[in-house]
Number of protein chains: 2
Amino acid sequence: MSNKIFDAILTQAITKVKTEKQQKIVESAIQLFAEKGYSNTSTAEIAKASGVSEGTIFKHYGTKDKLLLSVILPFVSELFPYMAQELIKKTMSENTTTFEQFLRSLIKDRVEFVTENREIFQIVVKEIVYKDELKKELLPYALANIPPIFKKVLEEFRERGELVDLPADKILKNLVTFLGGFFVSRFLLIDDFNVSEEEIEDAIQFVMNGLRNPQNNALE
Amino acid sequence: MSNKIFDAILTQAITKVKTEKQQKIVESAIQLFAEKGYSNTSTAEIAKASGVSEGTIFKHYGTKDKLLLSVILPFVSELFPYMAQELIKKTMSENTTTFEQFLRSLIKDRVEFVTENREIFQIVVKEIVYKDELKKELLPYALANIPPIFKKVLEEFRERGELVDLPADKILKNLVTFLGGFFVSRFLLIDDFNVSEEEIEDAIQFVMNGLRNPQNNALE
DNA sequence: TTACCTAGTAAGTGATTACTCACTTATGTG
DNA sequence: CACATAAGTGAGTAATCACTTACTAGGTAA
(Lines give C-alpha, C1' and ligand atoms only; values in the text may rest on other atoms or scores of the structure.)
Protein backbone atom coordinates (compact mmCIF):
# COMPACT_ATOMS: atom_id res chain seq x y z
CA MET A 1 0.00 0.00 0.00
CA SER A 2 3.08 2.18 0.52
CA ASN A 3 1.17 4.26 3.06
CA LYS A 4 1.93 3.93 6.75
CA ILE A 5 -1.36 5.30 8.02
CA PHE A 6 -3.26 3.00 5.69
CA ASP A 7 -1.21 0.03 6.83
CA ALA A 8 -1.85 0.79 10.48
CA ILE A 9 -5.59 1.15 10.01
CA LEU A 10 -5.77 -1.96 7.85
CA THR A 11 -3.93 -4.25 10.26
CA GLN A 12 -5.90 -2.88 13.18
CA ALA A 13 -9.19 -3.38 11.34
CA ILE A 14 -8.31 -6.98 10.55
CA THR A 15 -6.51 -8.16 13.67
CA LYS A 16 -8.10 -6.29 16.56
CA VAL A 17 -10.81 -8.08 18.53
CA LYS A 18 -14.03 -6.09 18.29
CA THR A 19 -16.65 -5.57 20.96
CA GLU A 20 -20.32 -5.92 20.15
CA LYS A 21 -20.79 -2.18 20.04
CA GLN A 22 -17.83 -1.80 17.76
CA GLN A 23 -19.31 -4.28 15.31
CA LYS A 24 -22.61 -2.43 15.41
CA ILE A 25 -20.80 0.80 14.61
CA VAL A 26 -19.12 -0.70 11.57
CA GLU A 27 -22.33 -2.30 10.37
CA SER A 28 -24.30 0.92 10.65
CA ALA A 29 -21.51 2.92 9.07
CA ILE A 30 -21.38 0.56 6.10
CA GLN A 31 -25.10 0.73 5.59
CA LEU A 32 -25.30 4.52 5.90
CA PHE A 33 -22.19 5.31 3.86
CA ALA A 34 -23.40 3.02 1.08
CA GLU A 35 -26.85 4.55 1.06
CA LYS A 36 -26.18 8.26 1.48
CA GLY A 37 -22.47 8.64 0.95
CA TYR A 38 -19.76 9.46 3.44
CA SER A 39 -20.14 13.24 3.26
CA ASN A 40 -23.88 13.08 3.77
CA THR A 41 -23.68 10.83 6.82
CA SER A 42 -23.03 12.40 10.22
CA THR A 43 -21.35 10.67 13.13
CA ALA A 44 -24.48 11.43 15.15
CA GLU A 45 -26.53 9.36 12.71
CA ILE A 46 -24.13 6.45 12.92
CA ALA A 47 -24.22 6.61 16.69
CA LYS A 48 -28.00 6.60 16.75
CA ALA A 49 -28.30 3.79 14.20
CA SER A 50 -25.89 1.60 16.12
CA GLY A 51 -27.34 2.35 19.55
CA VAL A 52 -24.12 3.83 20.86
CA SER A 53 -23.05 7.21 22.13
CA GLU A 54 -21.17 9.41 19.72
CA GLY A 55 -18.15 9.40 22.01
CA THR A 56 -17.76 5.66 21.59
CA ILE A 57 -17.21 6.02 17.87
CA PHE A 58 -14.39 8.46 18.44
CA LYS A 59 -12.92 6.39 21.25
CA HIS A 60 -12.44 3.53 18.82
CA TYR A 61 -11.79 5.23 15.51
CA GLY A 62 -10.43 8.66 16.40
CA THR A 63 -11.84 10.42 13.36
CA LYS A 64 -14.65 9.92 10.91
CA ASP A 65 -12.05 9.46 8.18
CA LYS A 66 -10.40 6.58 9.97
CA LEU A 67 -13.76 4.91 10.39
CA LEU A 68 -14.25 5.10 6.63
CA LEU A 69 -10.83 3.65 6.01
CA SER A 70 -11.29 0.75 8.39
CA VAL A 71 -14.40 -0.13 6.39
CA ILE A 72 -12.81 0.29 2.97
CA LEU A 73 -9.28 -0.99 3.32
CA PRO A 74 -9.97 -4.63 4.22
CA PHE A 75 -12.20 -4.82 1.15
CA VAL A 76 -9.75 -3.39 -1.37
CA SER A 77 -6.85 -5.35 0.03
CA GLU A 78 -8.88 -8.49 -0.48
CA LEU A 79 -10.16 -7.43 -3.87
CA PHE A 80 -6.81 -6.88 -5.56
CA PRO A 81 -3.88 -8.88 -4.16
CA TYR A 82 -6.07 -11.93 -4.29
CA MET A 83 -6.44 -11.38 -8.00
CA ALA A 84 -2.72 -11.26 -8.57
CA GLN A 85 -2.03 -14.66 -7.12
CA GLU A 86 -5.12 -16.36 -8.44
CA LEU A 87 -4.58 -14.98 -11.89
CA ILE A 88 -1.17 -16.51 -12.19
CA LYS A 89 -2.35 -19.77 -10.72
CA LYS A 90 -5.25 -20.01 -13.13
CA THR A 91 -3.34 -19.24 -16.30
CA MET A 92 0.19 -20.37 -15.86
CA SER A 93 -0.69 -23.86 -14.75
CA GLU A 94 0.11 -26.66 -17.19
CA ASN A 95 -3.43 -27.85 -17.93
CA THR A 96 -4.19 -24.40 -19.25
CA THR A 97 -7.66 -23.40 -20.17
CA THR A 98 -8.65 -21.06 -22.96
CA PHE A 99 -8.74 -17.31 -22.46
CA GLU A 100 -12.51 -17.44 -22.59
CA GLN A 101 -12.62 -19.94 -19.75
CA PHE A 102 -10.14 -17.87 -17.79
CA LEU A 103 -12.24 -14.74 -18.28
CA ARG A 104 -15.37 -16.60 -17.26
CA SER A 105 -13.97 -17.86 -14.01
CA LEU A 106 -12.45 -14.47 -13.23
CA ILE A 107 -15.73 -12.64 -13.73
CA LYS A 108 -17.81 -15.18 -11.88
CA ASP A 109 -15.42 -15.19 -8.98
CA ARG A 110 -15.33 -11.42 -8.64
CA VAL A 111 -19.08 -11.10 -9.15
CA GLU A 112 -19.53 -13.45 -6.24
CA PHE A 113 -17.12 -11.50 -4.08
CA VAL A 114 -18.69 -8.14 -4.84
CA THR A 115 -22.19 -9.55 -4.39
CA GLU A 116 -21.21 -10.62 -0.90
CA ASN A 117 -19.78 -7.17 -0.20
CA ARG A 118 -22.00 -5.03 -2.38
CA GLU A 119 -22.42 -2.22 0.16
CA ILE A 120 -18.71 -1.81 0.69
CA PHE A 121 -18.15 -1.94 -3.06
CA GLN A 122 -20.65 0.89 -3.41
CA ILE A 123 -18.83 2.93 -0.76
CA VAL A 124 -15.47 2.40 -2.43
CA VAL A 125 -16.70 3.46 -5.86
CA LYS A 126 -18.61 6.43 -4.50
CA GLU A 127 -15.70 7.75 -2.52
CA ILE A 128 -13.13 7.17 -5.24
CA VAL A 129 -15.33 9.25 -7.47
CA TYR A 130 -16.03 11.85 -4.82
CA LYS A 131 -13.04 12.22 -2.55
CA ASP A 132 -9.96 13.28 -4.43
CA GLU A 133 -7.60 12.23 -1.66
CA LEU A 134 -8.91 8.69 -1.72
CA LYS A 135 -8.73 8.54 -5.50
CA LYS A 136 -5.14 9.73 -5.37
CA GLU A 137 -4.24 6.99 -2.89
CA LEU A 138 -6.18 4.07 -4.27
CA LEU A 139 -5.95 4.57 -8.03
CA PRO A 140 -2.15 4.62 -8.28
CA TYR A 141 -2.05 1.61 -6.00
CA ALA A 142 -4.42 -0.30 -8.25
CA LEU A 143 -2.68 0.87 -11.42
CA ALA A 144 0.73 -0.11 -10.09
CA ASN A 145 -0.25 -3.58 -8.95
CA ILE A 146 -2.82 -4.93 -11.33
CA PRO A 147 -1.66 -4.10 -14.88
CA PRO A 148 1.78 -5.76 -14.67
CA ILE A 149 0.35 -9.11 -13.63
CA PHE A 150 -2.59 -8.85 -15.96
CA LYS A 151 -0.30 -8.00 -18.80
CA LYS A 152 1.72 -11.16 -18.32
CA VAL A 153 -1.40 -13.25 -18.48
CA LEU A 154 -2.61 -11.50 -21.60
CA GLU A 155 0.73 -11.90 -23.31
CA GLU A 156 0.71 -15.59 -22.50
CA PHE A 157 -2.66 -16.05 -24.16
CA ARG A 158 -1.71 -13.89 -27.10
CA GLU A 159 1.37 -16.00 -27.73
CA ARG A 160 -0.87 -19.02 -27.84
CA GLY A 161 -2.70 -17.29 -30.66
CA GLU A 162 -5.97 -16.88 -28.83
CA LEU A 163 -6.01 -13.10 -28.73
CA VAL A 164 -5.90 -10.34 -31.30
CA ASP A 165 -2.45 -9.24 -32.29
CA LEU A 166 -2.32 -6.05 -30.28
CA PRO A 167 -0.03 -4.83 -27.48
CA ALA A 168 -1.14 -6.12 -24.10
CA ASP A 169 -1.57 -2.51 -22.90
CA LYS A 170 -4.25 -1.85 -25.42
CA ILE A 171 -6.08 -5.09 -24.79
CA LEU A 172 -5.95 -4.47 -21.07
CA LYS A 173 -7.21 -0.92 -21.34
CA ASN A 174 -10.35 -1.92 -23.19
CA LEU A 175 -10.91 -4.99 -21.05
CA VAL A 176 -10.65 -2.98 -17.83
CA THR A 177 -12.89 -0.28 -19.27
CA PHE A 178 -15.58 -2.82 -20.03
CA LEU A 179 -15.27 -4.75 -16.76
CA GLY A 180 -15.26 -1.52 -14.78
CA GLY A 181 -18.41 -0.42 -16.56
CA PHE A 182 -19.94 -3.82 -15.96
CA PHE A 183 -19.40 -3.89 -12.20
CA VAL A 184 -20.28 -0.27 -11.59
CA SER A 185 -23.45 -0.37 -13.66
CA ARG A 186 -24.70 -3.64 -12.16
CA PHE A 187 -23.80 -3.10 -8.54
CA LEU A 188 -24.09 0.64 -8.17
CA LEU A 189 -26.35 2.21 -10.77
CA ILE A 190 -28.81 -0.61 -10.92
CA ASP A 191 -28.78 -2.38 -7.59
CA ASP A 192 -29.11 -5.76 -9.21
CA PHE A 193 -29.41 -8.33 -6.48
CA ASN A 194 -28.06 -11.11 -8.53
CA VAL A 195 -26.18 -10.81 -11.76
CA SER A 196 -27.48 -13.72 -13.81
CA GLU A 197 -25.42 -16.39 -15.53
CA GLU A 198 -26.95 -15.33 -18.80
CA GLU A 199 -25.83 -11.76 -18.39
CA ILE A 200 -22.31 -12.85 -17.58
CA GLU A 201 -22.30 -15.09 -20.63
CA ASP A 202 -23.46 -12.22 -22.84
CA ALA A 203 -20.69 -10.04 -21.49
CA ILE A 204 -18.10 -12.72 -22.20
CA GLN A 205 -19.32 -13.14 -25.76
CA PHE A 206 -19.14 -9.39 -26.23
CA VAL A 207 -15.58 -9.23 -24.98
CA MET A 208 -14.52 -12.21 -27.07
CA ASN A 209 -16.25 -11.48 -30.36
CA GLY A 210 -17.46 -7.92 -30.35
CA LEU A 211 -20.56 -6.85 -32.19
CA ARG A 212 -19.62 -7.60 -35.79
CA ASN A 213 -21.45 -10.35 -37.59
CA PRO A 214 -18.81 -13.00 -38.35
CA GLN A 215 -20.67 -13.94 -41.55
CA ASN A 216 -20.43 -10.40 -42.80
CA ASN A 217 -18.15 -10.13 -45.82
CA ALA A 218 -17.71 -6.38 -45.36
CA LEU A 219 -14.78 -6.95 -43.05
CA GLU A 220 -12.32 -4.08 -42.93
CA MET B 1 -38.21 15.33 -18.26
CA SER B 2 -41.61 14.66 -16.71
CA ASN B 3 -40.66 16.79 -13.70
CA LYS B 4 -42.16 20.23 -13.26
CA ILE B 5 -39.47 21.61 -10.97
CA PHE B 6 -36.78 20.37 -13.31
CA ASP B 7 -38.54 21.95 -16.28
CA ALA B 8 -38.84 25.27 -14.54
CA ILE B 9 -35.19 25.36 -13.54
CA LEU B 10 -34.06 24.24 -16.98
CA THR B 11 -36.01 26.81 -18.94
CA GLN B 12 -34.96 29.54 -16.53
CA ALA B 13 -31.31 28.49 -16.76
CA ILE B 14 -31.42 28.59 -20.55
CA THR B 15 -33.65 31.55 -21.31
CA LYS B 16 -33.04 34.03 -18.50
CA VAL B 17 -30.57 36.83 -19.15
CA LYS B 18 -27.74 36.60 -16.64
CA THR B 19 -25.90 39.43 -14.96
CA GLU B 20 -22.14 39.38 -14.72
CA LYS B 21 -22.26 38.32 -11.09
CA GLN B 22 -24.66 35.56 -11.92
CA GLN B 23 -22.30 34.20 -14.54
CA LYS B 24 -19.43 34.35 -12.09
CA ILE B 25 -21.51 32.40 -9.56
CA VAL B 26 -22.23 29.65 -12.06
CA GLU B 27 -18.62 29.51 -13.22
CA SER B 28 -17.28 29.21 -9.68
CA ALA B 29 -19.94 26.68 -8.74
CA ILE B 30 -19.04 24.52 -11.73
CA GLN B 31 -15.37 24.64 -10.91
CA LEU B 32 -15.84 23.88 -7.21
CA PHE B 33 -18.52 21.22 -7.60
CA ALA B 34 -16.38 19.42 -10.18
CA GLU B 35 -13.30 19.58 -8.02
CA LYS B 36 -14.60 18.83 -4.53
CA GLY B 37 -18.12 17.58 -5.07
CA TYR B 38 -21.41 19.27 -4.28
CA SER B 39 -21.61 18.10 -0.66
CA ASN B 40 -18.09 19.26 0.10
CA THR B 41 -18.59 22.74 -1.33
CA SER B 42 -20.20 25.41 0.82
CA THR B 43 -22.19 28.35 -0.46
CA ALA B 44 -19.74 30.59 1.40
CA GLU B 45 -16.91 29.20 -0.72
CA ILE B 46 -18.81 29.80 -3.92
CA ALA B 47 -19.59 33.35 -2.84
CA LYS B 48 -15.95 34.04 -2.06
CA ALA B 49 -14.67 32.47 -5.28
CA SER B 50 -17.06 34.48 -7.40
CA GLY B 51 -16.55 37.75 -5.55
CA VAL B 52 -20.17 38.04 -4.54
CA SER B 53 -22.02 38.15 -1.26
CA GLU B 54 -23.64 34.93 -0.12
CA GLY B 55 -27.04 36.58 -0.20
CA THR B 56 -26.75 37.14 -3.93
CA ILE B 57 -26.51 33.44 -4.57
CA PHE B 58 -29.73 32.79 -2.73
CA LYS B 59 -31.44 35.75 -4.31
CA HIS B 60 -30.93 34.18 -7.72
CA TYR B 61 -31.09 30.47 -7.03
CA GLY B 62 -33.13 30.11 -3.86
CA THR B 63 -31.37 27.01 -2.62
CA LYS B 64 -28.04 25.30 -3.10
CA ASP B 65 -29.87 22.41 -4.74
CA LYS B 66 -31.41 24.64 -7.39
CA LEU B 67 -28.00 26.07 -8.16
CA LEU B 68 -26.74 22.55 -8.78
CA LEU B 69 -29.66 21.78 -11.03
CA SER B 70 -29.27 24.92 -13.10
CA VAL B 71 -25.72 23.81 -13.77
CA ILE B 72 -26.57 20.20 -14.53
CA LEU B 73 -29.83 20.28 -16.43
CA PRO B 74 -28.79 22.28 -19.50
CA PHE B 75 -25.95 19.80 -19.96
CA VAL B 76 -27.99 16.62 -19.72
CA SER B 77 -30.77 18.00 -21.86
CA GLU B 78 -28.21 18.74 -24.54
CA LEU B 79 -26.41 15.45 -24.09
CA PHE B 80 -29.35 13.17 -24.70
CA PRO B 81 -32.15 14.55 -26.86
CA TYR B 82 -29.56 15.67 -29.31
CA MET B 83 -28.48 12.09 -29.65
CA ALA B 84 -31.95 10.90 -30.44
CA GLN B 85 -32.39 13.10 -33.47
CA GLU B 86 -28.87 12.84 -34.74
CA LEU B 87 -28.89 9.10 -34.39
CA ILE B 88 -31.85 8.72 -36.63
CA LYS B 89 -30.49 11.20 -39.11
CA LYS B 90 -27.17 9.46 -39.33
CA THR B 91 -28.46 5.96 -39.78
CA MET B 92 -31.78 6.11 -41.50
CA SER B 93 -30.61 8.29 -44.32
CA GLU B 94 -30.39 6.68 -47.75
CA ASN B 95 -26.64 6.85 -48.27
CA THR B 96 -26.18 4.72 -45.18
CA THR B 97 -22.81 4.15 -43.71
CA THR B 98 -21.62 1.01 -41.97
CA PHE B 99 -22.24 0.46 -38.27
CA GLU B 100 -18.57 0.98 -37.63
CA GLN B 101 -18.67 4.38 -39.27
CA PHE B 102 -21.80 5.25 -37.36
CA LEU B 103 -20.16 4.25 -34.08
CA ARG B 104 -17.06 6.24 -34.93
CA SER B 105 -18.90 9.45 -35.63
CA LEU B 106 -21.08 8.99 -32.55
CA ILE B 107 -18.10 8.53 -30.23
CA LYS B 108 -16.08 11.34 -31.76
CA ASP B 109 -19.01 13.69 -31.56
CA ARG B 110 -19.77 12.95 -27.92
CA VAL B 111 -16.09 12.98 -26.95
CA GLU B 112 -15.90 16.46 -28.37
CA PHE B 113 -19.00 17.56 -26.52
CA VAL B 114 -17.86 16.15 -23.19
CA THR B 115 -14.36 17.55 -23.67
CA GLU B 116 -15.88 20.98 -24.03
CA ASN B 117 -17.96 20.45 -20.91
CA ARG B 118 -15.71 18.15 -18.93
CA GLU B 119 -16.29 19.84 -15.57
CA ILE B 120 -20.06 19.62 -15.84
CA PHE B 121 -19.76 16.02 -17.00
CA GLN B 122 -17.74 15.30 -13.88
CA ILE B 123 -20.37 16.94 -11.69
CA VAL B 124 -23.17 14.95 -13.31
CA VAL B 125 -21.43 11.61 -12.88
CA LYS B 126 -20.33 12.39 -9.33
CA GLU B 127 -23.78 13.42 -8.21
CA ILE B 128 -25.59 10.59 -9.97
CA VAL B 129 -23.32 8.24 -8.08
CA TYR B 130 -23.61 10.14 -4.82
CA LYS B 131 -27.04 11.69 -4.54
CA ASP B 132 -29.76 9.11 -4.64
CA GLU B 133 -32.48 11.63 -5.46
CA LEU B 134 -30.64 12.78 -8.55
CA LYS B 135 -29.98 9.24 -9.67
CA LYS B 136 -33.64 8.42 -9.25
CA GLU B 137 -34.62 11.37 -11.42
CA LEU B 138 -31.99 11.23 -14.12
CA LEU B 139 -31.48 7.50 -14.62
CA PRO B 140 -35.10 6.63 -15.44
CA TYR B 141 -35.20 9.60 -17.76
CA ALA B 142 -32.14 8.40 -19.62
CA LEU B 143 -33.33 4.80 -19.64
CA ALA B 144 -36.73 5.78 -20.96
CA ASN B 145 -35.48 8.00 -23.78
CA ILE B 146 -32.29 6.54 -25.11
CA PRO B 147 -32.79 2.76 -25.43
CA PRO B 148 -35.87 2.89 -27.67
CA ILE B 149 -34.18 5.03 -30.30
CA PHE B 150 -30.89 3.23 -30.00
CA LYS B 151 -32.64 -0.08 -30.37
CA LYS B 152 -34.17 0.95 -33.67
CA VAL B 153 -30.80 1.88 -35.01
CA LEU B 154 -29.25 -1.36 -33.85
CA GLU B 155 -32.05 -3.41 -35.36
CA GLU B 156 -31.62 -1.61 -38.66
CA PHE B 157 -27.94 -2.51 -38.77
CA ARG B 158 -28.58 -6.03 -37.64
CA GLU B 159 -31.07 -6.54 -40.45
CA ARG B 160 -28.39 -5.44 -42.85
CA GLY B 161 -26.29 -8.32 -41.54
CA GLU B 162 -23.62 -6.16 -40.00
CA LEU B 163 -24.21 -7.11 -36.39
CA VAL B 164 -24.22 -10.33 -34.44
CA ASP B 165 -27.52 -12.13 -34.37
CA LEU B 166 -28.58 -11.14 -30.88
CA PRO B 167 -31.57 -9.20 -29.54
CA ALA B 168 -31.02 -5.45 -29.71
CA ASP B 169 -31.44 -5.26 -25.90
CA LYS B 170 -28.43 -7.40 -25.31
CA ILE B 171 -26.28 -5.61 -27.85
CA LEU B 172 -27.29 -2.28 -26.39
CA LYS B 173 -26.58 -3.32 -22.81
CA ASN B 174 -22.99 -4.28 -23.54
CA LEU B 175 -22.42 -1.30 -25.80
CA VAL B 176 -23.68 1.13 -23.17
CA THR B 177 -21.65 -0.62 -20.49
CA PHE B 178 -18.48 -0.18 -22.52
CA LEU B 179 -19.17 3.38 -23.60
CA GLY B 180 -20.12 4.35 -20.05
CA GLY B 181 -16.88 2.87 -18.78
CA PHE B 182 -14.99 4.63 -21.53
CA PHE B 183 -16.29 8.11 -20.81
CA VAL B 184 -16.16 7.84 -17.04
CA SER B 185 -12.65 6.41 -16.97
CA ARG B 186 -11.24 8.94 -19.43
CA PHE B 187 -12.96 12.08 -18.23
CA LEU B 188 -13.35 11.43 -14.53
CA LEU B 189 -10.87 8.89 -13.20
CA ILE B 190 -8.02 9.96 -15.41
CA ASP B 191 -8.47 13.59 -16.27
CA ASP B 192 -7.28 13.06 -19.78
CA PHE B 193 -7.14 16.39 -21.50
CA ASN B 194 -7.58 15.01 -24.91
CA VAL B 195 -8.75 11.58 -25.81
CA SER B 196 -6.58 10.65 -28.78
CA GLU B 197 -7.77 9.45 -32.17
CA GLU B 198 -5.78 6.30 -31.63
CA GLU B 199 -7.52 5.50 -28.40
CA ILE B 200 -10.90 6.00 -29.98
CA GLU B 201 -9.91 3.75 -32.85
CA ASP B 202 -8.78 1.04 -30.43
CA ALA B 203 -12.09 1.26 -28.62
CA ILE B 204 -14.01 0.92 -31.87
CA GLN B 205 -12.01 -2.11 -32.89
CA PHE B 206 -12.68 -3.66 -29.49
CA VAL B 207 -16.40 -3.10 -29.78
CA MET B 208 -16.51 -4.41 -33.32
CA ASN B 209 -14.25 -7.43 -33.09
CA GLY B 210 -13.64 -8.24 -29.46
CA LEU B 211 -10.44 -9.79 -28.25
CA ARG B 212 -10.48 -13.13 -30.03
CA ASN B 213 -7.89 -13.75 -32.69
CA PRO B 214 -9.84 -14.15 -35.96
CA GLN B 215 -7.21 -16.61 -37.22
CA ASN B 216 -7.75 -18.84 -34.24
CA ASN B 217 -9.37 -22.12 -35.25
CA ALA B 218 -10.54 -22.84 -31.69
CA LEU B 219 -13.75 -20.94 -32.38
CA GLU B 220 -16.68 -22.17 -30.33
C1' DT C 1 -8.12 -4.28 48.87
C1' DT C 2 -5.84 -1.12 45.76
C1' DA C 3 -4.51 0.25 41.47
C1' DC C 4 -5.16 0.34 36.73
C1' DC C 5 -7.09 -0.32 32.32
C1' DT C 6 -10.54 -0.43 28.79
C1' DA C 7 -15.34 0.43 27.16
C1' DG C 8 -18.67 3.46 27.17
C1' DT C 9 -21.22 7.72 28.19
C1' DA C 10 -23.51 12.49 28.23
C1' DA C 11 -22.91 16.96 27.90
C1' DG C 12 -20.52 19.88 26.08
C1' DT C 13 -17.09 22.77 22.34
C1' DG C 14 -16.22 26.15 18.58
C1' DA C 15 -16.66 26.09 13.83
C1' DT C 16 -19.38 25.76 9.88
C1' DT C 17 -23.66 24.95 7.53
C1' DA C 18 -27.57 26.62 4.35
C1' DC C 19 -30.43 30.16 4.44
C1' DT C 20 -32.95 34.90 5.85
C1' DC C 21 -33.85 39.59 6.29
C1' DA C 22 -33.67 44.42 6.54
C1' DC C 23 -31.33 47.21 3.91
C1' DT C 24 -28.75 49.95 0.05
C1' DT C 25 -27.65 50.64 -4.71
C1' DA C 26 -28.41 50.44 -9.60
C1' DT C 27 -31.43 50.35 -13.64
C1' DG C 28 -34.62 51.51 -16.17
C1' DT C 29 -39.55 53.63 -17.41
C1' DG C 30 -43.47 56.82 -17.66
C1' DC D 1 -37.58 63.90 -12.13
C1' DA D 2 -40.19 60.31 -9.64
C1' DC D 3 -41.04 55.91 -8.77
C1' DA D 4 -40.87 50.95 -9.26
C1' DT D 5 -38.38 46.99 -9.72
C1' DA D 6 -34.43 44.24 -9.72
C1' DA D 7 -29.59 43.34 -8.07
C1' DG D 8 -26.70 43.05 -4.47
C1' DT D 9 -25.20 43.33 0.38
C1' DG D 10 -23.67 41.80 5.05
C1' DA D 11 -24.89 40.80 9.42
C1' DG D 12 -27.48 37.79 11.31
C1' DT D 13 -30.00 32.77 12.44
C1' DA D 14 -30.79 28.15 14.26
C1' DA D 15 -29.16 23.83 13.26
C1' DT D 16 -25.75 20.72 12.59
C1' DC D 17 -21.01 19.34 12.16
C1' DA D 18 -16.82 16.55 13.86
C1' DC D 19 -14.70 16.15 17.84
C1' DT D 20 -13.44 16.67 23.21
C1' DT D 21 -13.63 16.10 27.93
C1' DA D 22 -14.74 14.76 32.47
C1' DC D 23 -16.77 11.08 34.00
C1' DT D 24 -18.76 6.10 35.46
C1' DA D 25 -18.78 1.03 35.42
C1' DG D 26 -16.68 -3.25 35.26
C1' DG D 27 -13.09 -6.40 34.71
C1' DT D 28 -8.25 -7.84 35.90
C1' DA D 29 -4.04 -8.46 38.25
C1' DA D 30 -0.76 -7.74 42.13
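Per chain, numbering begins at 1; letters A, B, ... match sequence-line order.
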Atom [atom1] of [X] and atom [atom2] of [N]: how far apart are they, to the nearest Å?
X       : N      : atom1 : atom2 : value
A:Lys64 : C:dT16 : NZ    : P     : 16 Å
B:Lys66 : C:dA18 : NZ    : P     : 16 Å
A:Lys21 : C:dT6  : NZ    : C1'   : 14 Å
B:Leu67 : C:dT17 : CG    : C1'   : 15 Å

Is the shortest side-chain N/O distance from B:Lys59 to OP1 or OP2 of C:dC19 below 4.0 Å?
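So the side chain of B:Lys59 is outside the cut-off, no N or O lying under 4.0 Å from OP1 or OP2 of C:dC19.
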Would you indicate, yes or no, if C:dT6 has its OP1 or OP2 atom less than 4.0 angstrom from a side-chain nitrogen or oxygen of A:His60?
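Result: no.
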When you compare the side chains of [X] and [Y], does any donor N or O come within less than 3.5 Å of an acceptor on the partner?
X       : Y        : result
B:Glu35 : B:Gln31  : yes
B:Gln12 : B:Tyr61  : no
A:Thr97 : A:Arg104 : no

Is the distance between the ring centroids of A:Tyr130 and A:Tyr38 under 6.0 Å?
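Between A:Tyr130 and A:Tyr38, the centre distance exceeds or equals 6.0 Å.
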Under 30°, 30 to 60°, or over 60°: which ring-plane class applies to B:Phe183 and B:Phe187, parallel, tilted or perpendicular?
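Answer is parallel, since the angle falls under 30°.
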Report the relative orientation of the aromatic rings in B:Phe206 and A:Phe178; use parallel for angles under 30°, tilted for 30 to 60°, perpendicular for over 60°.
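Plane angle between 30° and 60°, so tilted.
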Does B:Asp191 come within less than 4.0 Å of B:Arg118, counting only side-chain N to carboxylate O?
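Looking at B:Asp191 and B:Arg118, the cut-off is met.
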Any residue in residues 33-58 of chain A with a heavy atom nearer than 4.0 angstrom to DNA chain C? Just list them by number, or reply none.
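The stretch gives A:Val52, A:Ser53, A:Gly55, A:Thr56 as the residues lying under 4.0 Å from the strand, ordered by number.
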5' to 3' contact window, DNA chain D with chain A (heavy-atom distance under 4.0 Å):
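Listing 5' to 3', DNA chain D meets chain A from D:dC17 to D:dT20.
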Using the side chain to side chain contact (heavy atoms under 4.5 Å, CB included) definition, which of the options B:Ile46, B:Ile25, B:Asn117, B:Ile123 pairs with B:Ile30?
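For B:Ile30, the side chain to side chain contact (heavy atoms under 4.5 Å, CB included) test succeeds with only one of B:Ile46, B:Ile25, B:Asn117, B:Ile123, which is B:Ile123.
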